[in-house]
Every structure is written in structure tokens, then in C-alpha cells.
Protein chains: 2
Amino acid sequence: MMISMRSKYALKALAFLARSKEKETFLIAELAEAEHIPKKFLEAILLTLKSQGILASRKGPGGGYSLAKAPAAITIGSIIRTFEGDMAPVHCLSEQARGGECPECIDHATCGIRLVMTDVHQALASVLDVVTLAEMVERSDFERQKLSRQLDYSI
Amino acid sequence: MMISMRSKYALKALAFLARSKEKETFLIAELAEAEHIPKKFLEAILLTLKSQGILASRKGPGGGYSLAKAPAAITIGSIIRTFEGDMAPVHCLSEQARGGECPECIDHATCGIRLVMTDVHQALASVLDVVTLAEMVERSDFERQKLSRQLDYSI
DNA sequence: CACGAATCCTATTTGTTCTATGGATTATTT
DNA sequence: AAATAATCCATAGAACAAATAGGATTCGTG
């Protein structure tokens, strides 16, 4: 149930963009270096995020990538779905299989696995579709502040 | 985030055993045929479940597999963990990495991804560690009854 | 003890996905 | 035109998933 490196790198790059107040637009190379992501790999990831309307880009000198929406309007779920597909634990709950069954399913209507996995799917979505990129960055900042306070006390 | 065929097959076979009142012990071949699972593949799966203390087996004539505990004492989470590992969405939340970091992590303490994924992990566990094999079968039976009632009305 | 029933074990195959890279192309600014 | 930067295309290598093959081991029974 691990998320892929793609998703992680996407989250890192997007968080970096959301955190940056000074500048709006960054080069692939800048993002790659800042977050320690293989540049060529990140390139493909950013392109995918653009195709999903999460990022915007401009070519040529002065170009680069920037967020297409406010961080508060980007859910973590929408980012992860971009790379992991809908997060259905079983095929029959996937949107691609519109109301369809798992290939190996014997009795779709009474399948206990489907019934339980529906709850799992719901639990996942209830976190990922609610938390936004903005909140993720806020929580990170909050931890940072906590740490620096602890450092102050210890001095 | 899909579970593997292994996990699905395991759930199917275990549900079959939990549902069976007449008999306690079944041959691999019986389980394989009943649930449409490749026999050799199922063989390996059942062996793994045995190593986790979920199944018991006896060799030789009259042998076969049976549940090692009551269905109400087997959580769906324990079954899935057998094949998917702990269900940590990121490496740093896995038990193998005891308090460790993701290999690519820059600042573990303030990592926003980790903070959000902790919630995800929690949400997953809150379903899978609570629902048991017995409950899964009950829910399936309940759906079956609903359907047969609908059939009665329509006649 | 010998035989057959059944699980147990090791290895291999096959296909797919994940991670990553290289090289050529297109758009934009100066 | 020249430089800059994203874009597109192709593919290699590793890891993993699903399934299969073949034999080894254990157990009950005649």
C-alpha cells in the first residue's frame, strides 16, 4: 500500500512551490536540486501534474513551473490520484470499472471483500480528499516552530 | 493502492473456511475449485497463512487446511498484512524502518508528507484492524438475505 | 513396511510496473 | 540568430506480481 516515488516527488515539489513566497516560478533544475529529485524524472512528473491542471508552465527564458491554483485548492488526494489512479483497493471499486466486477469475482453482489474494501476506500478518501497542499505545508511549518522553540528552551 | 491477488485469494479462501459449518478441514484442491483460484498458487498462499498462525494444516490422508482461530479472532488487517507488509503508505512509517527515515528524506522531523500519511495510515488501520473475518462473512450473508427478500417480493 | 494422499519446499518463467536516463524537438525571450 | 527552457519520445534496468513445475517430505492405512 506504499505510494510510489512519483507521488512522493510530486508532493515534495508541489510543497516547495506552495512554501515559496519570494518567487512564483521555478525551473525544473531548481526544484530538482532543492528537493533532491532526479531532474529527468521530475521533468516527467511535472508534465503529468500540468496535464491534470495542477501546475502551469512557460517555456523559454524566464519560464518555468508554477502552481496553477492556490495551495488551499489542491487536495493531497488529487495529487496522489494523478499517479496512483483512483485509490480503489480492489478493481470493482475503481472508476475505470464503472460498476463492473473484478475479473475473478464469482458473486459481485454479495462479495464480502468488496463490502469491507468500500469502507477502506471511504476511510482513505476521508483523509486525502480533505487535506490540502496548504494544510500539509502548515503542519510542516508548525513542526518546525515546535522544534525551534524546544531549541530555545534548551539554551 | 490495490491489494494483490495473493491477498484477495487469501481472503476468499479464509472466508470460505469461515462460512463452512459442515466441515472443518478442506483440501487445497477443494478450496481452489470452490473459489476459482489456481491451485499451485493457492498452495503457496495457504502456506504463508499457516506461518502466520492463521491457518493450521495436517498432511497425509484425511489432512488439509483449517482455521487456526475463530473467525471473530482474525482481523482483515492481519490477513492483508501477511502479504502486503505493514500498510505504511511511506517507508518512514513502516515497522521495518524502526523510527527510521525514508531514504530520500531531507528533514524527517518536519516532513509534511509523513505527517499527512500518518493520518492515512491511522485511517486504514482503524478499518482493517477492527473488522474481522467473521464480520466480513456476516456482511456478505446479510447482502445475500437482502437479495433473496427482494426476489420474494418480486414474485 | 509399502503405498498413496496430501502438504511442503525450491526454483523458474513470464509479464508488468517503477525508476530513471538520453537525445531530439519546440517555444520564448533577447 | 542565439540562448534558454520546457516538451516529447524512446528505452534500459530493476523490482515485483502471478503463475507454474517438479520434487521432497510427512502421514495414515492396509
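No experiment lies behind these values; they were computed from the predicted model shown. In the text below, chain A, chain B and the rest are named by the order of the sequence lines, each starting its count at 1.
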Please tell me which of the listed nucleotides, [options], lies nearest to the side chain of [X]?
X     : options                : result
A:R6  : C:dC18, D:dT20, D:dA18 : C:dC18
A:P38 : C:dA20, D:dG28, C:dC9  : C:dA20
A:S57 : D:dA6, C:dT19, D:dT20  : D:dA6
A:P61 : D:dA19, D:dA3, C:dA20  : D:dA3
A:Y9  : C:dC9, C:dA20, C:dT19  : C:dA20

Given the rule in the side chain to side chain contact (heavy atoms under 4.5 Å, CB included) test, do B:L17 and B:L55 qualify, once you have shown the distances and angles that lead to the verdict? CA-CA 10 Å; B:L17 285 169; B:L55 283 177; 3.6 Å; yes
Spacing between [X] atom [atom1] and [N] atom [atom2], to the nearest angstrom:
X      : N      : atom1 : atom2 : result
B:K40  : D:dA19 : NZ    : P     : 15 Å
A:R58  : D:dA6  : CZ    : P     : 11 Å
A:K59  : D:dA5  : NZ    : C1'   : 9 Å
B:E43  : D:dT25 : CD    : C1'   : 12 Å
B:E104 : C:dT19 : CD    : P     : 10 Å
A:F26  : D:dT4  : CZ    : P     : 20 Å
B:I28  : C:dC9  : CD1   : C1'   : 12 Å
B:F41  : C:dT14 : CZ    : P     : 17 Å

With the side chain counted from C-beta on, respond yes when A:M117 and B:I3 share a heavy-atom pair under 4.5 Å apart, and no when they do not.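 With C-beta onward as the side chain, the pair touches.
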Please classify the nucleic acid contact of B:L27 as base, sugar-phosphate, or nothing, using heavy-atom distances under 4.0 Å.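 Counting heavy atoms under 4.0 Å across all strands, the contact made by B:L27 is with sugar-phosphate only.
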Hey, does B:L46 reach any base, or is it just sugar-phosphate, or nothing, if we go heavy atoms under 4.0 Å?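 The residue B:L46 makes no contact with any strand.
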Do you know which of A:R139, A:R144, A:E138 makes side-chain contact (heavy atoms from CB on, under 4.5 Å) with A:D141?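 Of the listed options, the one satisfying the test is A:R144.
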Taking atom CD as the centre, does A:Q52 end up with more than 12 heavy-atom neighbours from other residues, nucleotides or ligands that are less than 6.0 angstrom away?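 Yes, because the 6.0 Å sphere around CD of A:Q52 holds more than 12 heavy atoms from other groups.
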Please compare A:G62 and A:I3 by the position of their nearest nucleotide in DNA chain C and report the one closer to 5'.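 Residue closer to the 5' terminus by nearest nucleotide: A:I3.
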5'-most contact on DNA chain C: B:G64 or A:L42, nearest heavy atom basis?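 Its nucleotide being nearer the 5' end, the pick is B:G64.
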Donor + acceptor pair across side chains of A:T75, A:D129 (<3.5 Å):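 Looking only at side-chain atoms, A:D129 and A:T75 do not form any donor-acceptor pair under 3.5 Å.
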Taking 4.0 Å as the cut-off, does a side-chain nitrogen or oxygen of A:K50 come that near to OP1 or OP2 on D:dA6?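 So the side chain of A:K50 is outside the cut-off, no N or O lying under 4.0 Å from OP1 or OP2 of D:dA6.
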